[in-house]
Each structure stands twice: as structure tokens, then as C-alpha cells.
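Computed over heavy atoms, backbone and side chain alike; hydrogens, waters and symmetry mates excluded. Positions are given from 1, in the same order as the sequence printed here.
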Amino acid sequence: MDVGASAQRMIARGILRTGSNAAVRSSIGACLMTLLQDRGRRVKGSSSPSLVVFARQQSAARPANRLRFVLLFAALLAAGGAGARAQNTGHPADSPLVRQLHQALSLDEHGDRQGAMNLVLHLLEQHPDFEPAIKLRGVLLEEAGRNSEAAAAFEQALKLAPNDADVLLEAGKYKLTAGQKEEAIKLLEHCLRILPGDGDAHYYLAQAYHLNGQEDLALRAIRLSLKAEPDNPAVWQKYGELLCVTEDCDAGLKWLLKAQRSDATLPKIDYDIALTDSKLMDLAAAAQYAARAVESQPNDVPALQLLASVDVKLAKWQEAKQAFQRILTFKTGDVDSLFGLGQCELELKNYPAAVDQLQLVLRLAPTRLLAHYYLSRAFAGMGRTEDAKHEAALHQLMMEQMTFVRSVESEGSESPIQPQAYQLLAGHHEEDALQLYRNRFKGTAATLADAYVFVGKLYLTMGKKDDGLRCLHHALEIQPTVRGAHTYEGILALKVGDLTTAENEFKAELANDPSYQTAIAEMGEVRYHQGRWSEAAEQLAKSRTMTPELLYMLCDSYFRIGKVSDAGLTAETAAAYGRNNSQLMKDLADLLVHNGQTDLAQRLSSNLPPQPAPQQK
């Protein structure tokens, strides 16, 4: 974990917090200067010489273990009556508690970490709410790599001193590392309300905002960190990274290069530059910095992946092959790397090896469409013409289906709000669910009628037929041409076997929007259940559906009208999209065997993922 130490900054803070208490400052001078002497400042896994000065001059990367240099201050401040801490233990600067804390610090400084920990634990047995000792325990645990226990210690200290800016920062960083972005943001923002100009807090808050998808706030925070620490290369690096994330890669690259020139040991700096160069399509520079990143960290998988992708773009097939092979030593079965390796083997004209790799890719990820195209080329290179034609046809069919994915993009964009909407509807908060939809699509062409269609659809999936139909009918009253209302009513009718009502609803939908793919597909299902095989095949094929159950119907319809080749291709696409549906795959295999396609049935069945073992009762 990147946790850090800015000695002179902490001293400056400590002096400020003691106010004019000369006795306290006098006590500080002797002990803290000893602690700082010859100490290397740990920064993101590297070190740089310590600076025993009181001026705020940040160097290298983010500080680590910054609390350790103010722990004694906290104890002394309690005696001095300073108001910077929430807890007032009432122990004078020369009390036994303070002396024991100083002794613990001295033991740790001289390498006796266990002795320091034992002394702190003894101190806490007698005084369990002595916040400075709790903080020192957190630092010692952190140094020992016991981060979860360290985080708990800082949480405990935070309860005792909820306005301690240093503890807020440390707790915030641990929350960030644990992936609790919202909690981290709250703590770091609280820290900054106490110390508005804190460069570290702004730095980590920028990272938290970034991970939370709030890029504008992330940029604002890192700029404030840069204002507080204009000479810190780590801040330059983060600023460059965030500029690139917001698509200002030209400016981002300048900051990254500036940081690299100032401190070439910054972690991930070569990788960040390589990634930015890649986005700017400066592939030669990207390859150069990616290679440097791999050279400095040979086991860095993201750096290897970046190097491999750049080598592919440069058509450096042998180099890319070697990079993919190295990745696979760390990530066995990684589909992207297997696919890249297969492409490299193809371009190097190692056709049998390419076939092996690409077929493995399709067994692991049947929807990796480009693998079919490369497999077709590999088969052609081996002279296996029929296999090449088959793979090319399969690639074309699946690509045509993917082309129509955009027709349901709006439904896909509803996915992030569906869980919350379900909860609102389950709690009888329909108006809130409608408002949630409207907020989600504010500024788009979505209407109130669309919101009612969304809510009506969710009601139907919850089994609340009456509420669902009520909302769908109301949507049509507001806007007779609203997309989806007739379709979902038709799907409900189809579910209960009312083919006539279903057909009428789908016809009404298509009268409003003849290109609505969902309605076209559902009309195909109606025709299938009516036994009108040719029309079913026509509608289902026209819909470019990727729904496995509908593809099964299309496959069956093709068999019934004698289009065996089309049925086989459709069966393969159904298996690709429905391989995790064991019942569908069994039905599909039975259909193929029934129609004399035993070999295809066996091949598709052999590509299924392993099923979990049944749980013992």
C-alpha cells in the first residue's frame, strides 16, 4: 500500500498546532531531530535521502508513514492544550506516558520494531484510549505489512479523534486501497475541511474520484495537490495520468515526461508514458517505454500486455509472440493472450499452431468473433478450404448479428439503474423509480412515456402483471408511438400462450417502428409456435437476434424448411451465446442429432465449460 512520510511537513504541522507553547516546542526539538537524522523517506517502494529541514519542500513521490513523525506531537499537544486534536488526555509533556511513547519511537528508530510494539501494547493495556499510542500501533503494524490490522488501528484512533486530519488521511487511504471509494472520499474530504491546503489529501482524493468515475472532480483535486506541492514529481505523474484519462493526452504526456526526467524511479512512470504514447499513436515511442517498463518490472503483467499490443500494431510478430507467451506464464488460460498468440502464429505462417490456439480461444470464449476470421485464414493457409469457408461464413453471420446490437443500446443503458429501481418498486415507491429513470436519461430524447415502459417492464419481470399492464397502458396513453409498450404486452401474451393477442401487439409495435429488432424477433417466435416455419425463419433471421432460445427456434425452422447449412451455422451461434445454459445446450444437441448432425452435436457439447459438482446434502 502506498502510505507515506513527509517528515518536514509533519514537523511544520506540529509546530503550528502547538501554537505558542514554548515548552512543548522545546521538547519536540530534541527528540524529533534525532528521529529524522539519516532517515530515508520511503516513497512508493523506493527511497530518497531525508531532508532535515522545517520548510515544506516535498520531493519524489507520495509520502509514506507520515504519522510516525507527529505521534509525539499528538501526545505533547494534549499537555499544551492545543485544539488541533479532539482528544485531550491531560498528560503533561514530561509524563510517563509521553516518555514511554518516546521510548517506543526510539526503539523502532533503532530497528527494534518488536520491542516498540511490545511497549505500545503495554501502554495501551494501561491506557486503551491513548490515541497517540493507537496511531503508533497502526504505523508499526503497517511497517510489518499487517495492513488490515493497521487499518483497524487507524479506525479506532478516528473514533477517539474524529477531527484528527492525519488519521482521517490514513483511514481514507486504507478505505481507498480496500476499494471502498465512497467512504474514502468522505474521509478525505473531511480531512481537507480541516486542512484545505493539504497536498497529500488532495492527491489521494483525486485518485478516489478517478476510481469512482468522477473525472472532473479528480482533475480539480490533483490541480489543488499540484498547487500545494508544485515541485513533487509524483503529483506531476498523477496529473499527467488524469489528463490522459480525460482525453487531453498531449498535455498529459508533457507532465509525465517532466516527472520521468525529474525522477526516473517513479513507479509505473514508463508504463504511463507508454500507454499515453499508444493512445497518441506514437507506436515507436510506446514500444520503447513499454520495453523499459518490462525491463524494470519483468513480472508486470499490464506492462507486458501493453508491450504485446504495441508490437502487434507494429507487426513485430515474433516480439509480440514472446510477450504473449510470457503473459501466459503468469495468467494461464488468459483469452486475450491466447488470441494474440494465435494471431502471431498466423502471421508467422505457423498455421497448425495458429489453429490450435484459436480453437482453444473459441472453446473458452465462443463469442470472440475475430477468432473465426483468423481461423478461416489459418485453415486456408493449410489448404483446408471447406473448413476455411465454414469459419468465414460463421464469422460473417455473427458479425451481422453484432451490427444490430445498437438497436437495444437504450435498454442496455438501463442496466445500471435496474437494481435500485427493483428495490424502489418492491418498496412501493413507483414515483421514485420513475424519477430515477428520468434522472438517468436527463438531456436525452427519453420521455415520461419511456419511463413508464421501463417501470412496466420491471413490474412484469417481478410477476406483478396488473401493475405492469397499468404502466404500459399509461405509457401508450401519454405517447401512442412510445417504443416497447406493445412489445412487452405481446411478450406477456406470448408467455401465457395467447398467440393472437401477442401477434396483434407485435404488429402494432412494428407499425410504429418497423425496424424495432425485439418486436421482429418476437414476431418470429409467434410464427414458430404457429408452425409457419418459413415465416419464422425469415423474421428471426431478420431480427439478427443473439438470444440463444430464439436462435434455437431459428435453427429448428431452418431444418424444417431444408436449409441444413444455415441450420448448422445458427446452431454454432446459439451454442456460442448459450453455452452456460445447460438445458438449452442439451436441447440443441438433441435437435442436431435428430436432424443427422451428430458430429456437430458432439463438437459443440465438447466445448462446454465444466459444470459445478452437485452439492452434497
Side-chain angles (χ1 to χ4, degrees), residues 308-328 332-403 541 544 546 551 554-555 558-559 562-579 585 588-589 591-593 595-609:
S309 69
V310 172
D311 283 339
V312 165
K313 292 174 184 176
L314 290 170
K316 297 166 64 175
W317 303 112
Q318 188 60 44
E319 292 86 344
K321 174 182 174 179
Q322 293 171 355
F324 284 125
Q325 288 173 330
R326 288 178 64 183
I327 294 168
L328 288 167
T332 305
D334 178 61
V335 171
D336 289 338
S337 299
L338 289 168
F339 176 80
L341 183 57
Q343 183 185 2
C344 291
E345 298 287 18
L346 171 65
E347 300 298 342
L348 292 169
K349 302 188 186 306
N350 300 328
Y351 298 123
V355 168
D356 290 342
Q357 294 296 333
L358 294 168
Q359 287 183 331
L360 176 57
V361 168
L362 289 170
R363 283 197 294 274
L364 296 172
T367 57
R368 194 65 178 260
L369 306 190
L370 201 54
H372 288 291
Y373 172 71
Y374 288 141
L375 192 54
S376 172
R377 288 180 53 197
F379 279 137
M382 296 173 66
R384 295 170 57 176
T385 305
E386 290 303 316
D387 289 331
K389 289 181 179 179
H390 176 80
E391 291 296 332
L394 192 56
H395 173 256
Q396 181 179 353
L397 174 62
M398 297 179 78
M399 284 299 295
E400 288 173 354
Q401 293 168 336
M402 288 297 295
T403 301
R544 299 294 191 267
M546 297 167 64
L551 287 169
L554 177 57
C555 177
Y558 276 142
F559 275 129
K563 293 188 174 182
V564 177
S565 177
D566 289 336
L569 289 173
T570 303
E572 292 197 58
T573 60
Y577 298 124
R579 67 193 303 254
M585 293 303 299
L588 185 61
L591 176 65
L592 292 170
V593 171
N595 286 279
Q597 304 296 311
T598 305
D599 290 345
L600 178 57
Q602 291 177 345
R603 177 160 62 83
L604 295 181
S605 297
S606 67
N607 289 342
L608 293 179

Distance-minimising heavy-atom pair for [X] and [Y]:
{"X": "L569", "Y": "A393", "answer": "CD1-CB, 3.9 Å"}
{"X": "T367", "Y": "A576", "answer": "CG2-O, 3.6 Å"}
{"X": "A601", "Y": "V593", "answer": "CB-CG2, 3.8 Å"}
{"X": "V335", "Y": "A365", "answer": "CG1-CB, 4.0 Å"}
{"X": "G333", "Y": "L364", "answer": "O-CD1, 3.9 Å"}
{"X": "C555", "Y": "A571", "answer": "SG-CB, 3.9 Å"}

Determine whether [X] and [Y] make a side-chain contact, defined as any pair of heavy atoms from C-beta on separated by less than 4.5 Å.
{"X": "R326", "Y": "Q322", "result": "no"}
{"X": "H390", "Y": "F379", "result": "no"}
{"X": "R363", "Y": "L360", "result": "yes"}
{"X": "D336", "Y": "R368", "result": "yes"}
{"X": "E347", "Y": "V312", "result": "no"}
{"X": "L592", "Y": "F559", "result": "yes"}

Hey, could you give me the [atom1]/[atom2] distance between [X] and [Y], rounded to the nearest 0.5 Å?
{"X": "T570", "Y": "L397", "atom1": "OG1", "atom2": "CG", "result": "6.0 Å"}
{"X": "T573", "Y": "L554", "atom1": "OG1", "atom2": "CG", "result": "7.5 Å"}
{"X": "T332", "Y": "L338", "atom1": "OG1", "atom2": "CG", "result": "9.0 Å"}
{"X": "L358", "Y": "Y374", "atom1": "CG", "atom2": "OH", "result": "9.0 Å"}
{"X": "L370", "Y": "Q343", "atom1": "CG", "atom2": "CD", "result": "7.0 Å"}
{"X": "D334", "Y": "L341", "atom1": "CG", "atom2": "CG", "result": "11.0 Å"}

* **Partner of H372 under side chain to side chain donor-acceptor pair (under 3.5 Å), chosen from Q396, E391, E572** => E391
Using residues 349-357 as the side-chain source, report each donor-acceptor pair under 3.5 Å to any protein atom, sequence neighbours left out, with the distance given to one decimal.
residue	atom	partner	partner atom	Å
N350	ND2	E345	OE1	2.8

